[in-house]
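Let me begin by presenting the structure, written as structure tokens, before commenting on it.
Both ligands and their constituent atoms are indexed starting at 1 by order of listing. What you are looking at is a predicted structure, and each value in this text was computed from that prediction instead of being measured.
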Amino acid sequence: MRVLLIGGGGREHALALGLAADPSVDHLIAAPGNPGIAEVAELRTVTPTDPDAVAALAVETNADLVVIGPEAPLVAGVADAVRAKGVAVFGPSAAAARLEGSKTYAKEIMAAAGVPTARAHTCTDPDAAARALDDFGAPYVVKDDGLAAGKGVVVTDDREAALRHAAECGRVVIEEYLSGPEVSLFVVTDGEAAVPLLPAQDFKRVGDGDTGPNTGGMGAYAPLPWAPPGLVDEVMAKVVHPTLAELRRAGNPFAGLLYVGLAITADGPRVIEFNARFGDPETQVVLALLETPLAGLLHAAATGTLAGHPPLRWRPGAGVTVVVASDGYPAAPRTGDVIAGADRPGIIHAGTRRADDGALLSAGGRVLCATATGADLAAARETAYALVDGVRLDGSHHRGDIALAAAEGRVTLPG
Ligand code: AMP
């Protein structure tokens, strides 16, 4: 099978490693890719959000399967354009990707499907925003209604800051605060059949102890030793299948990766958000543990044959990834610094590029993801942090507590 992978971040490097390791893949092409992906794939240039350009590349490269990594191309209709050329594509239509592209649409679908989530109001003016904030009380949760690369959400006790964020965004969803540990559950689906991957947890705040501003994600681990038994079955029954059924009913069947972000509250799991693609950096750990060949699984979802796919097999143990971020991330990441020590298995490239002389340079806020598996979380942490220690990047920073509470049995469930 010839596979074309669209994107060039850490998630796509993790996808590339999984696809390249699948014996059914004889040629892997990535566009635009990155220097890490270049080790396992042929790189091509493309504007990932240009539907016609990606569709033309799929035809030109004779792809049997196109895998779309990031959300922006999905929302822009890239999957529709590829499908229109008769090429199998892993990734939902633009209409179905609105589940991620519009928080209001996601709330409408959840309400129609009876999915447990935070109560919410969509607001477009300061008075309505103020009323919504006072309705729910602190802590305040204010979300940009559109795509914001994981950075459009402000959670704060400061009413003025909440109002400011609402004014800056224009159209916002203001919702009830959900208290409890968070879970990311990835579900591979062809629109009807749905296969959950291992639940993972990511770390959104920039600083140790969940301090500082939200980021795209500073690290992740899987599986979750503290997860209640039956969690995945419950989420499949109460969230995933009702949501997929509602999307079919609405005429927007969702085929691809449904990312369910949950809080495990005293009243049970509640949806925080849906995404229409693999999460970054949780993908790095989930795919490191997946033994089932990845391309076959994604191809089954892309061709409506997932019901006939064999059950997934997982490697024993645990996975941990630690993001190495550039100086100034998330507010004002500095790029263009030389990186040393990145040339080792387990180092996933998230924001890198090659200089003309071949030197590896930082090219984004999240630069590398040090990823390791081990017999348990403690062992995986040790290896992941040893990888971090081997990286040299001026001014870089990382969290020191990724998976620490879980490894020490200190994650508690409310209620
Ligand atoms: P989102 O982009 O919707 O995932 O939000 C980013 C982060 O903000 C989430 O991972 C949570 O940590 C936090 N968050 C979002 N919505 C809520 C909520 N209703 N209650 C508590 N925390 C939230």
Side-chain angles (χ1 to χ4, degrees), residues 11 70-72 75 97-107 109-111 115-123 129 132-133 135-158 161-162 165-166 169 171-186 199-221 224 235 239 243 257-283 323 330 366 399 401-402 405 411 413-414:
R11 161 187 48 223
E71 60 274 22
V75 172
R98 283 175 68 216
L99 204 58
E100 169 162 9
S102 164
K103 303 244 182 226
T104 302
Y105 184 66
K107 284 291 184 192
I109 293 291
M110 283 190 264
V115 166
T117 184
R119 289 190 303 128
H121 300 298
T122 298
C123 306
L133 293 176
D135 179 15
F136 298 128
Y140 304 106
V141 182
V142 182
K143 303 186 172 186
D144 194 330
D145 187 39
L147 280 188
K151 282 157 261 175
V153 178
V154 163
V155 180
T156 178
D157 286 324
D158 180 344
H165 186 61
C169 297
R171 185 182 163 93
V172 289
V173 171
I174 292 179
E175 64 181 37
E176 162 193 23
Y177 179 79
L178 297 172
S179 178
E182 289 180 33
V183 173
S184 304
L185 184 67
F186 297 168
Q201 188 174 56
D202 78 339
F203 293 78
K204 289 266 190 236
R205 301 283 185 143
V206 73
D208 282 8
D210 293 329
T211 53
N214 263 331
T215 69
M218 293 299 290
Y221 67 95
L224 310 176
V235 173
V239 175
T243 299
L257 195 291
L258 179 63
Y259 168 128
V260 188
L262 301 148
I264 311 303
T265 74
D267 302 321
R270 294 282 178 277
V271 174
I272 287 185
E273 64 165 344
F274 285 129
N275 290 324
R277 38 75 197 176
F278 281 98
D280 194 345
E282 300 97 310
T283 301
V323 170
R366 296 188 291 170
R399 279 184 65 158
D401 64 348
I402 301 302
V411 179
L413 293 166

(request) Quick one: sort the F186 and F278 rings into parallel, tilted or perpendicular, breaks at 30° and 60°. (result) perpendicular
(request) Take every heavy atom of K103, measure it against each atom of ligand 1, and state whether any distance is under 4.0 Å. (result) yes
(request) Can you measure from OG1 (T122) to NZ (K143) and round to the nearest 0.5 angstrom? (result) 11.0 Å
(message) Please list, in number order, the atoms of ligand 1 under 4.0 Å from a heavy atom of E175.
(response) 16 (N), 17 (C), 18 (C), 19 (N)
(request) Ignoring hydrogens, just give me the one of L262, V271, V155 whose non-hydrogen atom is nearest atom 13 (C) of ligand 1. (result) V155
(message) Please check whether K143 reaches ligand 1 - meaning an N/O of the residue sits under 3.5 Å from an N/O of the ligand, judged on distance alone.
(response) yes
(request) Could you name the option among E176, E182, Q201 that has the heavy atom nearest to atom 10 (O) of ligand 1? (result) E182
(request) Starting at NZ of K103, measure out to CD of E273 and round the result to the nearest 0.5 Å. (result) 4.5 Å
(message) With respect to K204, determine whether any N or O atom, backbone or side chain, lies less than 3.5 Å from an N or O atom of ligand 1.
(response) no
(message) Is any side-chain heavy atom of H165 closer than 4.5 Å to one of I174?
(response) no
(message) Which of the numbered atoms in ligand 1 are under 4.0 angstrom from any heavy atom belonging to V153?
(response) 1 (P), 2 (O), 3 (O), 5 (O), 6 (C), 8 (O), 15 (C)
(request) State the CD-CG distance between E71 and L99, to the nearest 0.5 angstrom. (result) 13.0 Å
(request) Could you tell me the separation between the CG atom of L133 and the SG atom of C123, rounded to the nearest 0.5 Å? (result) 7.5 Å
(message) What I want to know is whether L178 and ligand 1 share at least one N or O pair that is separated by under 3.5 angstrom.
(response) yes
(request) Would you indicate whether the side-chain heavy atoms of V260 and F274 approach each other to under 4.5 Å? (result) yes
(request) Using non-hydrogen atoms of the residue, decide whether R205 is closer than 4.0 angstrom to ligand 1. (result) no
